[in-house]
Amino acid sequence: MVVLSQPILENFSYINTSCKPTTTHFTGIPVVDLLDPEAKNIIVKACQEFGFFKVDNHGVPIEAVAKLEAEAVRFFGLPQHEKDQAGPPNPFGYGNKSIGPNGDVGWVEYLLLNANPQLIMNSSLTFPGNSQLFWKVVHEYVGAVRKMSCQVLELIAEGLKIEPRNVLSRLIKDERSDSCLRVNHYPPCPPAQQEEKLIGFGEHTDPQVISVVRSNNSTGLQIALRDGTWVSVPPDQSSFFIDVGDSLQVLTNGRFRSVRHRVIADSLKGRVSMIYFGGPPLSEKIAPLPCLMEEGEESLYTDFTWSEYKKSAYKTRLGDNRLGIFEKKIQVPL
Ligand code: GA4
């Protein structure tokens, strides 16, 4: 058994248990069957109300998921010194406990990988063991998940009645798309910390357009509802969960809201999750889609490119509101 010394554990954060109960599973998460003719409307409503939903009949081959999970389990099971050879995540590679460049920590180790279709196969990162097999598996997984993400973004365009149908999906289909894949391993929570709700990954919103989460059958993921209540997402290893990112919030001029989420390291067996973050090309202007704007409607945000947003995001702490500095201050007439 691993016994952690108190000074090590003091570096981690715990959930304030005075906030609403976090252990009961929330049953109100919208579920979308991608084959349902009503899918587009259910997705739009889910993006407006929660910024979050679950997807079934997603078309991602179960083998592609199983192979990447197996590679992740193999990698995270290696001795620490071997995993460290693939780090630090600068910007891509292996990271352990430290998240991002500004002092955030979590009970997590991870691989952060570039998910741009052109770059995956010729990545310069080498992994212990069969590196070629690893990249092949990543390539297959990302290809299938990107395809599903494009389908979801096209359903959103249809549901919002905007044209062309690929007005959103083109952002992540573009060969210069700045997308990434994060594979997280939350080691089992030390028994003494189980009651205290050790934080695996602190609360935050994702900067990109859309994030697609798949995890093994383990608990831990929580989302904040619009009123700020935190609720636990019931695990489902055969489905995917979709988060609206900050960029999609801006592209829809606030009609959709990016969802705050976090992971509590409460799993006894350990949690493995893989998240595809669909991001636009660096030079892309992130602004409300003109085809969506009503007559006289003004943008809630100042103009910026994805590259400018990303640059400022990397100066923030995980829990910060990264869109704040781009929000236009509304003049209230006296
Ligand atoms: C949150 C979403 C993704 O995991 C991520 C994270 C990134 C990182 O781990 O390097 C960031 C975080 C995320 C936003 C603010 C900055 C950058 C850590 C951090 C403190 C890969 C991403 O794109 O943004």
Side-chain angles (χ1 to χ4, degrees), residues 11-13 51-52 72 86-116 119-120 123 125 138 141-142 145-146 149 171-172 176-186 199-215 220-224 233 240-250 257-265 271-282 284 286 304-326:
N11 290 330
F12 292 91
S13 322
F52 187 81
N90 191 16
F92 301 116
Y94 171 75
N96 187 11
K97 298 192 179 68
S98 161
I99 299 169
N102 304 315
D104 290 286
V105 289
W107 188 253
V108 65
E109 57 176 341
Y110 58 89
L111 282 169
L112 203 47
L113 310 170
N114 191 325
N116 175 312
L119 292 176
I120 290 179
S123 170
L125 272 181
V138 169
Y141 180 84
V142 168
V145 170
R146 184 191 304 109
S149 311
L171 298 172
I172 64 171
R176 296 158 305 150
S177 125
D178 181 34
S179 300
C180 57
L181 178 74
R182 173 167 219 134
V183 185
N184 289 323
H185 173 227
Y186 300 91
I199 297 196
F201 209 108
E203 66 172 276
H204 65 286
T205 59
D206 293 338
Q208 294 80 359
V209 177
I210 190 173
S211 316
V212 182
V213 185
R214 191 271 171 187
S215 62
L221 177 62
Q222 300 186 335
I223 61 163
V233 177
F240 286 86
F241 291 94
I242 311 269
D243 304 68
V244 168
D246 292 345
S247 299
L248 190 52
Q249 174 170 325
V250 176
R257 293 265 301 283
S258 55
V259 61
R260 280 189 97 69
H261 56 286
R262 67 186 181 192
V263 176
I264 310 300
R271 174 182 166 89
V272 175
S273 63
M274 357 218 237
I275 308 118
Y276 164 77
F277 299 95
L282 286 170
E284 189 73 33
I286 307 298
F304 58 90
T305 61
W306 169 242
S307 159
E308 286 162 344
Y309 181 61
K310 217 178 145 182
K311 213 162 137 198
S312 97
Y314 273 82
K315 292 188 188 135
T316 62
R317 296 293 297 260
L318 199 52
D320 291 347
N321 169 15
R322 277 172 278 284
L323 278 180
I325 60 160
F326 298 105

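Whatever order the structure lists them in is the order used to number ligands and atoms, beginning at 1.
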Do Pro207 and Phe277 have side-chain heavy atoms sitting under 4.5 Å apart?
no

From the options Arg262, Gln222, Arg260, select the one residue that forms a side-chain hydrogen bond (donor to acceptor under 3.5 Å, both in side chains) with Glu203.
Arg260

Any protein N or O within less than 3.5 Å of an N or O in ligand 1? List each pair with its distance, or say none.
unit_1   : atom_1 : unit_2 : atom_2 : d
ligand 1 : 4 (O)  : Arg182 : NH1    : 2.8
ligand 1 : 9 (O)  : Arg182 : NH1    : 2.9
ligand 1 : 23 (O) : Gln208 : NE2    : 2.8

Flag the pair Ile286 / Thr305 as yes when at least one side-chain heavy-atom distance between them is below 4.5 Å, and no otherwise.
no

Heavy-atom side-chain proximity of Val244 to Val259 below 4.5 angstrom:
no

Give a yes or no on whether the ring-centroid distance for Tyr309 and Phe326 is below 6.0 angstrom.
yes

Side chains of His261 and Phe52, heavy atoms from C-beta outward: is any pair under 4.5 Å?
no

